[in-house]
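Note sheet for the following structure.
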Amino acid sequence: MSECSCPAEDISSRLLAWYRDAGRALPWRNTRDPYCIWLSEIMLQQTTVEAVIPYYERFLANFSSVAALAAAPLDSVLDLWAGLGYYSRARNLHKAARMVVEDFCGEFPADLAELQRLPGIGRSTAGAIRSIAFDLPGPILDGNVRRVLCRLHAVTTDPRASATEKQLWQRAESLTSVSRPHDYAQAIMDLGATLCTPRQPRCPLCPLRAHCQAFAQSLQGDIPVRHKKPPVPKRAQVVLLLEDQRGARLVRKRPYDGMLGGLWEFPAAPVEAGETTTAVISRLLATLGVCSAPEPVGVVKHVYSHFALTCTVFRCRVSLLPQVAKEEDRQWVPPTELAALALHGAHQKVLKLVTEKTEKDKM
DNA sequence: AAGGCGGGGAC
DNA sequence: GTCCCAGCCTT
């Protein structure tokens, strides 16, 4: 560690002064309700502020309290989460709400260890909730804070390496304001989100510029160090939009325990190596008991964290409804209700594609 | 096309 | 502890 060239008190007071003027007005900053703070923090994991805001407001309009959320069925929670990604967050949110009601008499705990017992809350989120909702000291090391601290101290090692991680948590703890945890937590996250951004940080506007060792050495563009990711493997699937005479589409629900658990999708089948799309669509049609001719609609691409998916989309109109729709996890959904269904992102794109093509064909 | 992003669970 | 998994948005 270097000697004290970064007095924590001065950093903290500069940061708080900056936040008073430049802090963002966000929906979850109008409240100290731990339920709202918790909801916002869970949504903000892996997601940007702009993407979260409409989901946050819609969610609260449906579930105004932790008790209301705990009483709701998981499916209605997933409905409101569809499109946000990382759906285990929604399942954990629901489970945690029930734990708060049952184990904590409906009141969120302020203790870090107790917060971390709730599924979906790790060390950083616990610190954020404790700081923001309860105004008690709680260190945070989320992506924004990690970047700010790496630059402030010119950390040139891999920020995810365990030794660096440990060092960063120590820095986060010693910097956390004991006098104004609520403001400090939001200030440092705002700094990372608005000025100390991953690319092209706006150092001239930064209140911590005088303390920043990366800036002093012109390293702000190279810190935090990035590790190159291996290219993601490609996968393909065929997707079938089966339409009955009234325009209703067949959908199925994915099992709760896997990827995209509990979300809905159109019937689909993977295209294995060496297979043709034609062969796969024939097999899928046979499985569903459909013998009408499929009509090609187009192609949709969607990238997940660990693979890139290409969906080749077909449409098929049927007069006799296949028996498969009688199973519990499959149903026919009229067009008006399809928009509200919790379809996962890739098949939302599929729906958009086929809707646009249908409109175009009418003209 | 590539980078960024917290926590859970398996090992 | 260490790895592996996971979906979307921004650049």
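By convention in this document, chain letters (A, B, ...) are assigned in the order of the sequence lines, proteins followed by strands, and residues within each chain are numbered from 1. Here the structure is a predicted model, which is why all the values come from computation and not from measurement.
- Residues from residues 23-34 of chain A lying near DNA chain C, meaning a heavy-atom separation below 4.0 Å, are absent.
- In this structure, the NZ atom of A/K166 is 10 Å from the P atom of C/dT2, given to the nearest Å.
- Side-chain atoms of A/Y304 lie closest to C/dG7 of the nucleotides C/dT10, C/dG7, B/dG4.
- Taking the salt bridge (charged side-chain N to carboxylate O under 4.0 Å, His left out) definition, one finds that A/E114 meets it with nothing, sequence neighbours left out.
- One finds no side-chain N or O of A/H344 lying less than 4.0 angstrom from the OP1 or OP2 phosphate oxygen of C/dG7.
- Grouping Ile, Leu, Val, Met, Phe, Trp and Tyr by side-chain contacts under 4.5 Å, direct or through others, leaves A/V299 on its own.
- The salt bridge (charged side-chain N to carboxylate O under 4.0 Å, His left out) analysis of residues 190-219 of chain A, with sequence neighbours excluded, yields the pairs A/R24-A/D190, A/R29-A/D190.
- Atom CG of A/L309 is separated from atom C1' of C/dC8 by 14 Å (rounded to the nearest Å).
- Remark: A/D10 engages A/R14 in a salt bridge (charged side-chain N to carboxylate O under 4.0 Å, His left out) (not counting sequence neighbours).
- If you measure from atom CD1 of A/I223 to atom C1' of B/dG3, you get 17 Å, rounded to the nearest angstrom.
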Return a table of donor-acceptor pairs under 3.5 angstrom between the side chains of residues 72-82 of chain A and protein atoms on other chains or two or more places apart.
from: A/D75; atom 1: OD1; to: A/K253; atom 2: NZ; distance (Å): 3.2
from: A/D75; atom 1: OD1; to: A/Y256; atom 2: OH; distance (Å): 2.4
from: A/D75; atom 1: OD2; to: A/K253; atom 2: NZ; distance (Å): 2.7
from: A/D75; atom 1: OD2; to: A/Y256; atom 2: OH; distance (Å): 3.2
from: A/S76; atom 1: OG; to: A/P73; atom 2: O; distance (Å): 2.8
from: A/W81; atom 1: NE1; to: A/G85; atom 2: O; distance (Å): 3.2

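- The salt bridge (charged side-chain N to carboxylate O under 4.0 Å, His left out) search around A/R130 returns none, not counting sequence neighbours.
- Ring centroids of A/F307 and A/Y304 are separated by less than 6.0 Å, placing the two rings close together.
- The nearest whole Å value for the distance from the CD atom in A/Q200 to the C1' atom in B/dG3 is 14 Å.
- Residues from residues 76-84 of chain A with heavy atoms under 4.0 angstrom of DNA chain C, sorted by number: A/G83, A/L84.
- Closest-nucleotide positions on DNA chain C for A/S162 and A/R199 were compared, and the one nearer the 5' end corresponds to A/S162.
- Side-chain contact annotation: A/T47 with A/R89, donor-acceptor N/O pair under 3.5 Å present.
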Contact letters for nucleotides 5-11 of chain B, in which S counts primed atoms plus P, OP1 and OP2 and B counts the base, heavy atoms under 4.0 Å: BBSS---
Using distance only, find each side-chain donor-acceptor pair of residues 267-281 of chain A under 3.5 Å and give its atom names and separation, not counting sequence neighbours.
from: A/E275; atom 1: OE1; to: A/E272; atom 2: N; distance (Å): 2.7
from: A/E275; atom 1: OE2; to: A/R283; atom 2: NH1; distance (Å): 2.5
from: A/T276; atom 1: OG1; to: A/A279; atom 2: N; distance (Å): 3.1

Report all side-chain donor-acceptor pairs from residues 231-243 of chain A shorter than 3.5 Å, counting only partners two or more places apart or in another chain.
from: A/Q237; atom 1: OE1; to: A/H347; atom 2: NE2; distance (Å): 2.9
from: A/E243; atom 1: OE2; to: A/R249; atom 2: NE; distance (Å): 3.4
from: A/E243; atom 1: OE2; to: A/R249; atom 2: NH2; distance (Å): 3.2

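- If you take atom P in B/dA10 and the same atom in C/dG7, they sit 16 Å apart, rounded to whole Å.
- Considering only residues two or more places apart in sequence or on other chains, A/E50 meets the salt bridge (charged side-chain N to carboxylate O under 4.0 Å, His left out) condition with none of them.
- Distance from the side chain of A/E50 is smallest to C/dT10 among C/dG7, C/dT11, C/dT10.
- Comparing C/dT10 with B/dG7, their C1' atoms are spaced 22 Å from each other, to the whole Å.
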